[in-house]
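Each remark here refers to the structure printed beneath this line.
Note that this is a predicted model, so its numbers are computed, not measured. A note on names: the letters A, B, ... follow the listed sequences, proteins ahead of strands, and every chain is numbered from 1.
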There are 2 protein chains.
Amino acid sequence: MGHSLLASFQRDGRRVTRPRKAILAVLERTRHPMSVSEIHTSLTRGKIAVDLVTVYRTLSVFKQLGMVSRVEFQEGQFRYELCQGRAHHHHIRCRGCGHIADLMLCPLKKVLAMVERETRFLVEDHSLEFIGWCPQCR
Amino acid sequence: MGHSLLASFQRDGRRVTRPRKAILAVLERTRHPMSVSEIHTSLTRGKIAVDLVTVYRTLSVFKQLGMVSRVEFQEGQFRYELCQGRAHHHHIRCRGCGHIADLMLCPLKKVLAMVERETRFLVEDHSLEFIGWCPQCR
DNA sequence: GCTGTTGTTGCAAACGACTTGCATTTATCA
DNA sequence: TGATAAATGCAAGTCGTTTGCAACAACAGC
């Protein structure tokens with residue numbers, strides 16, 4: 001596990017702990033953005049006792065270190081996925097079964113400059129999520 | 001106030017009440033998406049006593065009737081703005097002061113077909129919000 | 001390896017956004 | 001004007017997330 005991720009930790013004076021290793025492992029073996037409670041449930045099912053609060057705090061640290069990105073699908077909760085070398089991308093989520101698929105495209109590259117020109121904002125981030133019906137549910 | 005909006009109400013067997021008129025008025029005189037508590041505070045400051053719960057329920061009705069659209073900026077809460085004839089659009093929000101500006105463009109029209117082709121989802125909705133720094137805060 | 005420092009954890013409790021249940025009020029219509 | 005059914009207010013509950021604090025455990029230095 002860990003590898004370079006583990007390194008980003010200690011570089012920052014942070015400690016490599018059992019909960020952090022376990023949470024990282026869960027994220028590594030999942031290929032869609034997970035909610036905090038999904039991660040916690042996964043740990044529990046794997047007989048790894050980690051407090052829900054620790055999951056929150058760990059994800060917050062991961063996010064600060066740029067290890068995970070936070071996504072939101074108008075669900076009233078956040079989801080997290082590992083960045084680790086993956087290109088910037090977006091998602092689509094099914095209203096029926098909740099399945100989330102990656103979109104390996106970001107159609108916004110050209111738009112950013114236009115947005116900055118139009119609004120005089122400095123664009124730092126953007127969120128783009130699609131919602132629809134997957135092949136099984138449509 | 002109201003006009004055609006008022007009509008959408010009664011058409012549906014719904015009633016035009018004091019809280020609903022007041023909430024509609026608040027939305028009409030504001031030009032950015034408001035959170036529920038912002039709306040409630042605005043009512044309270046205007047000496048209009050409306051329960052917070054009623055604001056939630058009213059916005060839910062407005063949304064069902066297609067009168068408002070719901071936006072979210074990775075804040076952990078939703079915001080609402082009147083649709084009333086306004087074209088589909090997106091927003092940009094300042095990390096510093098929280099100011100929200102409209103973007104009168106949607107660069108995704110051409111992308112939707114591509115997304116549907118790639119994922120075989122039926123795309124029903126999308127959310128696209130930018131986050132950055134406004135001219136004053138940058 | 002032992003030990004001290006200090007970052008991290010677990011637990012309890014708080015918080016904020018949002019929802020639900022229910023008795024009371026009130027818009028609407030005959 | 002009165003009946004009725006929708007809407008409101010209030011209290012309480014849910015759910016996601018955060019905070020306070022004492023106990024714990026990495027890990028650096030001995």
Check DNA chain C against residues 48-74 of chain B and give the residues with a non-hydrogen atom under 4.0 Å, in numerical order.
Val53(B), Tyr56(B), Arg57(B)
Is it true that Arg86(B) and Glu81(B) make a salt bridge, defined as a side-chain N closer than 4.0 Å to a carboxylate O?
yes
Positive for salt bridge (charged side-chain N to carboxylate O under 4.0 Å, His left out) with Arg93(A), one of Glu72(A), Glu75(A), Glu129(A):
Glu75(A)
Nucleotide interval of DNA chain C bounded by contacts with chain B (heavy-atom cut-off, under 4.0 Å):
dA17(C) to dT28(C)
So, for Tyr80(B) and Tyr56(B), is the gap between ring centers shorter than 6.0 Å?
no
For atom CZ of Arg15(B) and atom P of dT4(D), their distance in whole Å
13 Å
Would you kindly give the CZ-to-P distance between Arg18(A) and dC27(D), to the nearest whole Å?
14 Å
Quickly work out the Leu43(B) CG to dG9(D) P distance and round it to whole Å.
10 Å
Please check if the number of heavy atoms outside Arg18(B) that lie under 6.0 Å from its CZ is greater than 12.
yes
Select from Thr17(B) and Gly76(B) the residue whose nearest nucleotide in DNA chain C is closer to the 5' end of that strand.
Gly76(B)
Whole-Å distance separating the CZ atom of Arg14(A) from the P atom of dC27(D)
13 Å
For the atom pair OG1 (Thr58(A)) and NZ (Lys63(A)), what is the distance rounded to the nearest 0.5 Å?
15.0 Å
Under 3.5 Å, is there any donor-acceptor pair linking the side chain of Arg20(B) to the base of dA7(D)?
no
Is the cationic atom of Arg70(A) (NZ for Lys, CZ for Arg) positioned less than 6.0 Å from the six-membered ring centroid of Phe78(A) and within 45 degrees of its normal?
yes
Taking 4.0 angstrom as the limit, do Arg31(B) and Asp102(B) come out as a salt bridge?
no
Return the orientation label for the His126(A) and His90(A) ring planes: parallel under 30°, perpendicular over 60°, tilted otherwise.
tilted
